[in-house]
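Let me begin by presenting the structure, written as structure tokens, before commenting on it.
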Protein chains: 2
Amino acid sequence: MLISEASMKSGLSADTIRFYEKSGIVPAIERGSDGLRRFSPENVEWLTLLYWLRKTGMPMKDMQRFAGLYREGDRTVQERKALLLGHAETLKRKRTDLDRCEEVLAEKLAIYDKLERNQT
Amino acid sequence: MLISEASMKSGLSADTIRFYEKSGIVPAIERGSDGLRRFSPENVEWLTLLYWLRKTGMPMKDMQRFAGLYREGDRTVQERKALLLGHAETLKRKRTDLDRCEEVLAEKLAIYDKLERNQT
DNA sequence: TACCTCTCTGGAGCTACTCCAGGTCAAGGC
DNA sequence: GCCTTGACCTGGAGTAGCTCCAGAGAGGTA
């Protein structure tokens with residue numbers, strides 16, 4: 001499939017996909033005789049994983065490391081597991097950040113409600 | 001209090017505080033005769049709110065708008081409420097992103113576990 | 001007096017995109 | 001056969017939101 005379809009399916013923009021390829025986070029994608037990238041379903045699966053890692057704040061350095069390990073094959077499975085488990089931890093921290101921010105917003109909104117009632 | 005204390009209490013770095021002041025997200029902070037910024041408790045409260053908004057992904061444009069409304073006084077309370085309620089919505093969306101990413105990670109980790117068992 | 005620490009400003013550098021100009025190529029319409 | 005359209009290509013500039021740094025000044029301590 002072409003880049004537009006890969007983009008739609010993975011959630012990453014075409015520009016971002018090309019950027020990731022240049023950065024080595026995505027393997028060099030095969031090209032047709034027309035010079036256009038042809039994405040395999042495996043490519044798209046990889047892009048989708050990257051989409052979620054990135055969307056939840058994994059820095060590019062980590063993704064590069066992850067991609068490097070992937071290229072090295074099955075003997076790096078443990079390290080890749082550790083990396084993903086580490087990311088799962090940051091997800092937890094992000095969740096507590098959301099909790100705390102919701103509290104802060106609730107307090108602020110309560111104050112505004114009071115102000116509004118006093119205005120009328 | 002000086003900037004280092006305001007930084008510690010709000011969570012924002014001194015550099016970020018100065019940057020926010022330049023950007024108009026933070027009101028111009030009072031200076032002592034030595035030229036150093038003196039932060040009031042209200043300043044710190046505002047910085048802390050900004051810290052949480054920023055940490056949970058509110059773009060600077062929105063924070064600038066929020067600060068502008070704040071400067072205009074109590075008659076903008078409704079608009080400020082709307083802005084914060086909007087942010088509360090994005091928090092919800094972020095939470096579902098975290099959920100989905102956790103699922104993706106769990107799937108991936110399950111695959112790695114299987115691979116490891118087959119290796120041994 | 002010298003040194004240390006904290007602060008100041010302006011400006012460069014960084015991350016992770018995003019957008020754009022200028023060009024190629026294949027397909028469809030006339 | 002030619003022209004237009006549309007998706008794609010590359011290289012490079014622009015953006016957001018910091019972060020770091022050099023160079024300078026003020027106040028405190030030995």
Side-chain angles (χ1 to χ4, degrees), chain A residues 1-40 43-44 46-68 87 90 94 97 101, chain B residues 1-40 43-44 46-68 87 90 94 97 101:
Chain A
M1 76 193 79
L2 297 176
I3 201 167
S4 58
E5 196 180 341
S7 162
M8 222 190 47
K9 286 188 176 162
S10 67
L12 294 170
S13 76
D15 270 324
T16 300
I17 294 172
R18 284 189 280 255
F19 172 67
Y20 280 3
E21 191 188 6
K22 231 188 289 179
S23 315
I25 295 179
V26 169
I29 304 295
E30 263 187 77
R31 306 286 183 125
S33 58
D34 49 10
L36 305 189
R37 292 175 181 82
R38 298 301 147 108
F39 292 80
S40 68
N43 288 151
V44 171
W46 180 248
L47 289 172
T48 307
L49 176 59
L50 292 183
Y51 169 80
W52 285 109
L53 294 178
R54 190 65 205 89
K55 185 154 198 176
T56 51
M58 181 180 283
M60 270 187 61
K61 259 187 198 167
D62 291 6
M63 298 203 294
Q64 266 157 350
R65 177 162 159 61
F66 189 55
H87 190 60
T90 66
K94 278 181 188 288
D97 285 348
C101 187
Chain B
M1 73 192 82
L2 295 177
I3 200 166
S4 57
E5 195 180 341
S7 162
M8 222 190 47
K9 287 187 176 162
S10 67
L12 295 170
S13 76
D15 270 324
T16 300
I17 292 172
R18 284 189 282 255
F19 172 68
Y20 280 2
E21 190 188 5
K22 231 189 288 180
S23 316
I25 294 179
V26 170
I29 304 294
E30 263 189 75
R31 305 287 183 122
S33 57
D34 50 10
L36 305 189
R37 292 174 181 82
R38 298 301 147 106
F39 292 80
S40 68
N43 288 151
V44 171
W46 180 248
L47 289 172
T48 306
L49 176 59
L50 292 183
Y51 170 79
W52 286 108
L53 293 178
R54 190 66 206 88
K55 184 153 198 177
T56 51
M58 181 179 283
M60 269 186 62
K61 261 186 197 168
D62 291 6
M63 298 202 294
Q64 266 156 351
R65 177 161 159 60
F66 189 54
H87 190 60
T90 67
K94 277 182 188 288
D97 285 348
C101 187

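All values derive from a computational prediction rather than experimental measurement. As a basis for the values below, the full set of heavy atoms in this structure was taken, side chains included, without hydrogen atoms, waters or symmetry mates. The sequence lines fix the lettering, A, B, ..., with proteins before strands; numbering per chain opens at 1.
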Revision key, fill the gap. Readout for nucleotides 7-14 of chain D: B = base within 4.0 Å of protein heavy atom, S = sugar-phosphate only, - = neither; 5' to 3' it is -SSB----
Exercise for review: Could you state the atom-to-atom distance from NZ of B:Lys61 to P of D:dT15 in whole Å?
Suggested key: 11 Å
Practice item. Using whole Å, report how far CE of B:Met1 lies from C1' of C:dT7. Key: 16 Å
Point to revise | Inter-residue atom distance B:Arg38.CZ - B:Met1.CE, 0.5 Å rounding | key: 11.5 Å
**Study point:** Nearest-angstrom distance from the residue atom CZ of B:Arg38 to P of D:dA26
**Key:** 14 Å
Check your understanding: Which of the following nucleotides, D:dC18, D:dT19, C:dA16, is nearest to the side chain of A:Phe19?
Key -> C:dA16
**Study point:** Close side-chain approach of A:Phe19 to A:Met60, heavy-atom, < 4.5 Å
**Key:** yes
Review point. Which pair of heavy atoms, one from A:Phe39 and one from A:Val44, lies closest together, and at what distance?
Key: CB-CG2, 4.4 Å
Review point. Can you tell me if the side-chain N/O atoms of B:Tyr20 get under 4.0 Å from OP1 or OP2 in D:dC18?
Key: yes
Revision key, fill the gap. Rounded to whole Å, NZ of A:Lys55 lies from C1' of C:dC17 at a distance of 15 Å
Review point. According to a strict under-4.0 Å criterion, is B:Thr16 in side-chain N/O contact with OP1 or OP2 of D:dT19?
Key: yes
Practice item. Rounded to the nearest 0.5 Å, what's the gap from CG on B:Leu50 to CD1 on B:Ile25? Could you check? Key: 6.5 Å
Review point. Between A:Asp15 and A:Arg18, is a salt bridge (charged side-chain N to carboxylate O under 4.0 Å, His left out) present by the stated rule, with each step listed?
Key: CA-CA 5 Å; A:Asp15 270 324; A:Arg18 284 189 280 255; 3.7 Å; yes
Exercise for review: Measure the shortest side-chain to side-chain distance between B:Asn43 and B:Ser10 over non-hydrogen atoms and say whether it is less than 4.5 angstrom.
Suggested key: no
Check your understanding: Once you round it to whole Å, what is the distance between P of D:dA16 and CZ of B:Arg65?
Key -> 18 Å
